[in-house]
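This report refers to the structure that appears directly beneath it.
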Amino acid sequence: MRASRWLRRVEISLWIVGISLLAVALEATVDRWQYQAQQEQALFSPAKPSTRTAAMATLSSNWPEGIAGPSSSEGSVHYAVPAGPEQPTAEQVSIADRDKGPLAERAKAEPQRPDTHRNRTVADPSALGRIEIPRLGLTAIVRDGADEKTLARAVGLVPGTAKPGDVGNVVLAGHRDTFFRSLRKIEVDDRIRLVVPPHTYEYRVSALRVVAPDETSVMDSNGIEELTLVTCYPFRFLGPAPDRFIVSATRVN
């Protein structure tokens with residue numbers, strides 16, 4: 001009986017530990033997806049005009065011929081009224097003063113629409129751009145840094161290495177079980193793109209190799225524009241992998 005109770009407690013404890021680890025993994029995955037989506041929008045989605053700007057453009061395009069269209073200023077919209085025997089000459093009628101008359105009631109009743117331009121996602125200052133390997137279907141945001149927090153959310157640019165477009169070795173690190181998992185299928189002559197708005201840098205894979213974790217020569221520069229991808233190896237190893245998988249590429253465009 002005592003042994004049975006002890007085993008039951010161990011089983012319950014293991015279930016609790018397993019569920020807790022699953023929750024942590026799920027939280028990390030959601031955070032990674034959210035960060036990638038936010039930075040993709042902030043870096044690569046064009047800004048949309050505000051609702052007010054769009055409305056003004058539509059109103060101007062439909063304005064009757066012979067009458068000056070609406071013009072906007074801070075907090076107001078004015079209409080130029082043509083001269084005539086029954087109306088004032090060159091007098092502008094403002095509708096900005098909404099706290100008087102029926103316009104005030106209408107303004108209170110109208111729902112406030114969000115300004116899509118102002119609510120646009122703000123880019124992370126450390127986010128540099130995006131890495132793409134078309135044949136593998138790999139695409140991920142690249143962030144400056146190689147610490148664990150950075151690699152949990154993006155591909156990291158190793159500090160002290162070159163920036164895309166500079167002469168030198170651009171070294172990018174990524175986890176083998178997230179962004180760089182598809183590197184297990186990469187081949188020599190594959191093309192890699194680094195998109196850093198408004199520029200796109202393209203590289204051709206020249207070599208693949210496996211090295212020890214302390215082999216820092218992979219970050220050395222040959223005096224040309226080159227790219228190195230680093231991830232852990234073997235890809236299916238359980239726990240901390242013992243080696244590093246290296247992809248070397250040179251710029252071609």
Side-chain angles (χ1 to χ4, degrees), residues 32-33 35-37 39-46 123-148 150-237 241-253:
R32 181 168 62 250
W33 287 347
Y35 179 83
Q36 290 284 312
Q39 299 314 307
E40 183 74 24
Q41 179 186 18
L43 292 172
F44 299 103
S45 296
D124 178 359
S126 298
L128 302 176
R130 179 176 61 207
I131 180 174
E132 302 173 351
I133 305 182
R135 194 182 70 82
L136 303 183
L138 186 155
T139 177
I141 295 296
V142 177
R143 191 175 189 267
D144 197 3
D147 56 279
E148 187 55 38
T150 294
L151 298 185
R153 310 177 85 186
V155 172
L157 174 67
V158 177
T161 64
K163 297 290 181 67
D166 294 341
V167 174
N169 193 3
V170 180
V171 182
L172 302 182
H175 284 316
R176 63 190 164 98
D177 54 356
T178 56
F179 302 110
F180 277 178
R181 181 166 180 77
S182 60
L183 287 187
R184 67 190 188 279
K185 298 180 181 179
I186 199 166
E187 299 175 356
V188 173
D189 290 333
D190 278 345
R191 296 301 176 97
I192 304 173
R193 290 196 294 260
L194 292 182
V195 184
V196 183
H199 306 291
T200 298
Y201 307 95
E202 187 166 335
Y203 303 81
R204 182 185 66 83
V205 176
S206 57
L208 308 172
R209 52 181 170 151
V210 177
V211 301
D214 57 355
E215 182 60 72
T216 59
S217 63
V218 298
M219 296 189 292
D220 294 342
S221 172
N222 295 318
I224 59 175
E225 292 187 49
E226 51 195 324
L227 171 68
T228 298
L229 307 183
V230 182
T231 193
C232 294
Y233 187 87
F235 287 96
R236 296 183 179 180
F237 193 85
D243 297 315
R244 300 294 179 265
F245 183 71
I246 308 299
V247 178
S248 300
T250 55
R251 188 176 173 188
V252 294
N253 70 328

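- Nearest heavy atoms, Ala249 versus Tyr203: CB-CB, 3.8 Å.
- We find the OG-CD1 distance between Ser126 and Ile141 to be 12.5 Å, quoted to the nearest 0.5 Å.
- Inter-residue side-chain proximity for Glu187 and Arg135 is flagged as met; some heavy-atom pair is nearer than 4.5 Å.
- Between Thr228 and Met219 the shortest side-chain heavy-atom distance does not fall below 4.5 Å.
- Nearest heavy-atom pair, Gln36 versus Ala154, reported as atom, atom and distance to 0.1 Å: NE2-CA, 3.6 Å.
- In this structure a side-chain-to-backbone donor-acceptor pair under 3.5 Å is present from Asn253 to Glu202.
- Side-chain contact check for Thr178 versus Leu151: every heavy-atom pair is 4.5 Å or farther apart.
- Between the CG atom in Leu183 and the CD1 atom in Ile246 there is a gap of 10.5 Å [rounded to 0.5 Å].
- Nearest heavy-atom pair, Ala241 versus Tyr233, reported as atom, atom and distance to 0.1 Å: CB-O, 3.2 Å.
- Using a 4.5 Å heavy-atom threshold, the side chains of Val155 and Phe180 count as touching.
- Contact between Asn169 and Asp220 at its shortest, heavy atoms only, is ND2-O, 3.0 Å.
- Separating the CZ atom in Arg244 from the CZ atom in Arg209 is a distance of 14.0 Å, to the nearest 0.5 Å.
- Contact annotation: the side chain of Ile131 approaches that of Leu229 to within less than 4.5 Å [non-hydrogen atoms, C-beta and beyond].
- A distance of 6.0 Å separates CD of Glu40 from OG1 of Thr139, quoted to the nearest 0.5 Å.
- The line from CG of Asp124 to CG of Leu43 is 8.5 Å long, rounded to the nearest 0.5 Å.
- Taking 4.5 Å as the limit, every side-chain heavy atom of Val171 sits out of range of all side-chain heavy atoms of Val218.
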From CA spacing to verdict: ring-ring contact (aromatic ring centres under 6.0 Å, His included), Phe237, Phe235: CA-CA 6 Å; Phe237 193 85; Phe235 287 96; over 10 Å; no
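- Counting heavy atoms from C-beta on, the side chains of Thr250 and Leu227 never come closer than 4.5 Å.
- The minimum heavy-atom distance linking Pro197 with Gly129 is given by the pair CD-CA, 4.5 Å.
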Let me see the working for Asp243 and Val211 under side chain to side chain contact (heavy atoms under 4.5 Å, CB included), right down to the final yes or no. CA-CA 6 Å; Asp243 297 315; Val211 301; over 6 Å; no
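- Both tests hold for Arg130 against Phe44: distance to the six-membered ring centre under 6.0 Å, angle to the ring axis within 45°.
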Give the intermediate values and the outcome of side chain to side chain contact (heavy atoms under 4.5 Å, CB included) for residues Glu226 and Ser248. CA-CA 8 Å; Glu226 51 195 324; Ser248 300; over 6 Å; no
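- Rounded to the nearest 0.5 Å, atoms CD1 (Ile186) and CZ (Phe245) are 7.0 Å apart.
- Residues Val252 and Arg191 form a side-chain contact, since some pair of their non-hydrogen atoms from C-beta on lies under 4.5 Å apart.
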When you look at Arg193 and Thr200, which way does the side chain to side chain donor-acceptor pair (under 3.5 Å) test go after all the steps? CA-CA 7 Å; Arg193 290 196 294 260; Thr200 298; over 6 Å; no
Using the rule given for side chain to side chain contact (heavy atoms under 4.5 Å, CB included), can you reason through Leu194 versus Leu128, listing the C-alpha separation, both sets of side-chain angles and the distance that settles it, and then say yes or no? CA-CA 9 Å; Leu194 292 182; Leu128 302 176; over 6 Å; no
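- The shortest heavy-atom contact between Ala127 and Gln39 is CB-OE1, 3.9 Å.
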